[in-house]
Amino acid sequence: MCGMQVKIHGEPMSKQKRTAIEPTRADNYAEWYQQVIKAADMAENSEVRGCMVIKPWGYAIWENIQRVLDGMFRETGHRNAYFPIFIPKSYFEKEAEHVEGFAKECAVVTHSRLEDDGKGGLKAAGELTEPYIVRPTSETIIGASFAKWVNSYRDLPLLINQWANIVRWEMRTRLFLRTTEFLWQEGHTVHETAEDAMEETRKMLDVYAKFAREYLAIPVLTGEKTESEKFPGAVNTYCIEAMMQDKKALQSGTSHFLGQNFAQASQIKYQNREGDFEYAWTTSWGVSTRLIGALIMAHSDDNGLVLPPKIAPSHIALIPIYRDDEEKKAVLEACHEIEEIFQRQYFEDIRIYTELDDRDLTGSERNWYWIKKGIPLRIEVGPRDVAQRAVMLARRDLEARDKKSVPIADLKEEVLKSLREIQDHYYNNALSFREENTRKIDDQKEFYRYFTPKNVNQPEIHGGFAASHWCGAAACEEKIKEDLKVTIRVIPFDMPEEAGSCIACGKASQKRAIFAKSY
RNA sequence: CGGGAUGUAGCGCAGUCCGGUUAGCGCGCUCGGUUCGGGACCGAGAAGUCGGAGGUUCAAAUCCUCUCAUCCCGACCA
């Protein structure tokens, strides 16, 4: 223990300095992240290595993500279907790059039953003739179906989405960001031409970007991945990339143009207008429960989770305050009146939910409970308020004590206005944070200084995004990665052409890429 | 899989180096009372085969061996 971290026993920290989450983001970002999840009661590690239990408050966020995205997929012409969790090993072997990319993280099912092992336990028995892979992604198993479904150009485009669970046997896991099993959606589409497939790839990336910006209030960069970062088997990978509060990048969604690679592997062929057989062009695109990790790290503060209203499981905590039965009766009556106001009330396209918290706890405890859960608004109702036909309204984006009295008659309007302001506030905060921590760097020494922590063993929050020139050589990318653990996160679409010299080798470059440390 | 660390009550920890009554502390929990609009207080109480197995010893949370698990750092990754 170093001197700075010694706790002062018997001497409570001053009230003003106290934060609901310890340590703070500045003190230990990784630990802060775990504590936010715990304090908000979103998820926990299960007994199963690397797997998480998603608790109701966390799962409700995922359900909201599903609901909104599913609507957007449907509007863009996609339909949901479901394919097996098990993929025969032989399917998997058909696409060489794909195999290489995923082989090291596959869970393999080799037996079909259990038998008494004679020692009071069980042993696996009934070995399968062909092992099954638990899907790490479904291109190959879906491709097997698509090969049957696609016969003519008239069958195209084929626009399918699947909501599923995925298993990738990762070495190190972190709640929401990287778990052995995770939930996601994977879109898989088949097209007649390369142009059509590319258009689809870009369209779905735009859907993700719009969703991230408008619902998660996360500003994302959109662009292309480099060869070394692209999806195994893809021709091009596009992504949405976001900056977290520790200034690291988080890949939050990807959309892949698969060319004819998987069509050839799975024999997805169609007869064209001339009667000739051609391989189709496919795409795939996905976002996962990692988005919840992005949400946490983009907005939350030292008092816990911060949720944009458009994705929050609930929007208003109703906190009645009373001392005796008489006050209780009057106060609860007012609470029910408020619940009525918001019953089936919408904030734009989002249904408003309220949480009446009548637990036998002090007002402060209940307030802090909901602050830590990130609920956008808190409404306190006490005897004084009831007498005035008003309530005290508090916002998660303001100080805990910062409350204002609102007449019940004006409450609905005030709440709707506040939710919009909170949503915008979070987006603008995240955007200015990213802008403040993004720099154009042309000097190699400056680039290295930017990404080098003072203490390597306990790296402090440093650096950010660097917009620097890159010549396009894989070796230069690799060198930067070796030296600094910094990678090219994205080559943004909106990055203008501009003459410069590669940050690694000094050779001529026409464009900047975004370099950063990442999750 | 390499390097480091840790397993003691629901949670967080002390005690282990140097073996010795009934294994402590804080939070939480239960009951009673005073409180309640800014993370309350007083009193009482319940809760632990000290990760597991084996060994040394009159005596093991403590020493030895093995084992299992978790966390952190690397390589891998949505």
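No hydrogens, no waters, no symmetry mates; every other heavy atom, side chains included, goes into these values. These numbers come from a predicted model, not from an experiment. Within every chain, numbering begins at 1; the chains are lettered A, B, ... in the order of the sequence lines, protein sequences first and strands thereafter.
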Between [X] and [Y], does any side-chain N to carboxylate O distance fall below 4.0 Å?
X      : Y      : value
A:E181 : A:R168 : no
A:E44  : A:K55  : yes
A:E229 : A:R489 : yes
A:D402 : A:R395 : no
A:K373 : A:D357 : no
A:K479 : A:D483 : yes
A:K94  : A:E139 : no
A:K230 : A:E97  : yes

How would you label the contact of [X] with the nucleic acid (heavy atoms, under 4.0 Å): base, sugar-phosphate, or nothing?
X      : result
A:Q251 : sugar-phosphate
A:I166 : nothing
A:K328 : nothing
A:S288 : base
A:A20  : base
A:R384 : base
A:Y369 : nothing
A:T179 : base

Mind checking the CD-OH spacing from A:Q162 to A:Y82? Nearest 0.5 Å is all I need.
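Going from CD on A:Q162 over to OH on A:Y82, the span is 6.0 Å.
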For the residue pair A:K89 and A:Y91, would you count it as a cation-pi contact if the rule is NZ or CZ under 6.0 angstrom from the ring centre and within 45 degrees of the ring axis?
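Relative to the ring axis of A:Y91, which defines the angle, A:K89 lies outside at least one limit.
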Give a yes/no on whether any side-chain N or O of [X] is located under 4.0 angstrom from OP1 or OP2 of [N].
X      : N     : answer
A:K485 : B:A75 : no
A:T362 : B:A40 : yes
A:R172 : B:G74 : yes

Does CH2 belonging to A:W163 count more than 12 external heavy atoms closer than 6.0 Å?
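Correct, the count exceeds 12.
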Integer angstrom distance from the [atom1] of [N] to that of [M]:
N     : M     : atom1 : result
B:U16 : B:A60 : C1'   : 10 Å
B:U6  : B:G51 : C1'   : 11 Å
B:G10 : B:G48 : C1'   : 12 Å
B:G15 : B:G26 : C1'   : 15 Å
B:A9  : B:A23 : C1'   : 11 Å
B:A59 : B:U21 : C1'   : 12 Å
B:G20 : B:U62 : C1'   : 11 Å
B:U8  : B:G45 : C1'   : 22 Å

Between B:G39, B:G37, B:A78, which nucleotide gets closest to the side-chain atoms of A:P383?
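That would be B:G37.
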Rounded off to whole Å, could you give me the [atom1]-to-[atom2] distance for the [X] and [N] pair?
X      : N     : atom1 : atom2 : result
A:E365 : B:G39 : CD    : C1'   : 7 Å
A:R378 : B:G37 : CZ    : C1'   : 12 Å
A:E31  : B:A5  : CD    : P     : 20 Å
A:L361 : B:C41 : CG    : P     : 14 Å
A:D324 : B:U34 : CG    : C1'   : 15 Å
A:R135 : B:A78 : CZ    : C1'   : 15 Å
A:L484 : B:G74 : CG    : C1'   : 16 Å
A:Q34  : B:C72 : CD    : P     : 7 Å

Using heavy atoms and a sub-4.0 Å distance, could you list which residues of residues 233-244 of chain A are near RNA chain B? By number, please.
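Within this stretch, nothing sits under 4.0 Å of the strand.
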Reading RNA chain B 5' to 3', what string of ( ), [ ], | and . shows its pairs, if Watson-Crick and G-U wobble pairs count only when both distances fall under 3.5 Å?
((((((((.[[[[.)....(...]]]].((((((.....)))))).....[[[[[..)....]]]]])))))))....
With nearest nucleotides of RNA chain B determined for A:I21 and A:R290 from heavy-atom distances, which residue corresponds to the more 5′ nucleotide?
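On the 5' side of the pair lies A:I21.
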On RNA chain B, does the nearest nucleotide to A:K38 precede the nearest nucleotide to A:I321 from the 5' side, or the other way round? Give the residue.
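Residue closer to the 5' terminus by nearest nucleotide: A:K38.
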Apply side-chain contact (heavy atoms from CB on, under 4.5 Å) to A:A81 and list each qualifying residue two or more places apart in sequence or on a separate chain.
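Here the qualifying residues are A:F83, A:I160.
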Has A:W184 got its ring stacked on B:A78, by the test of a centre gap below 5.5 Å and a plane angle below 30°?
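No.
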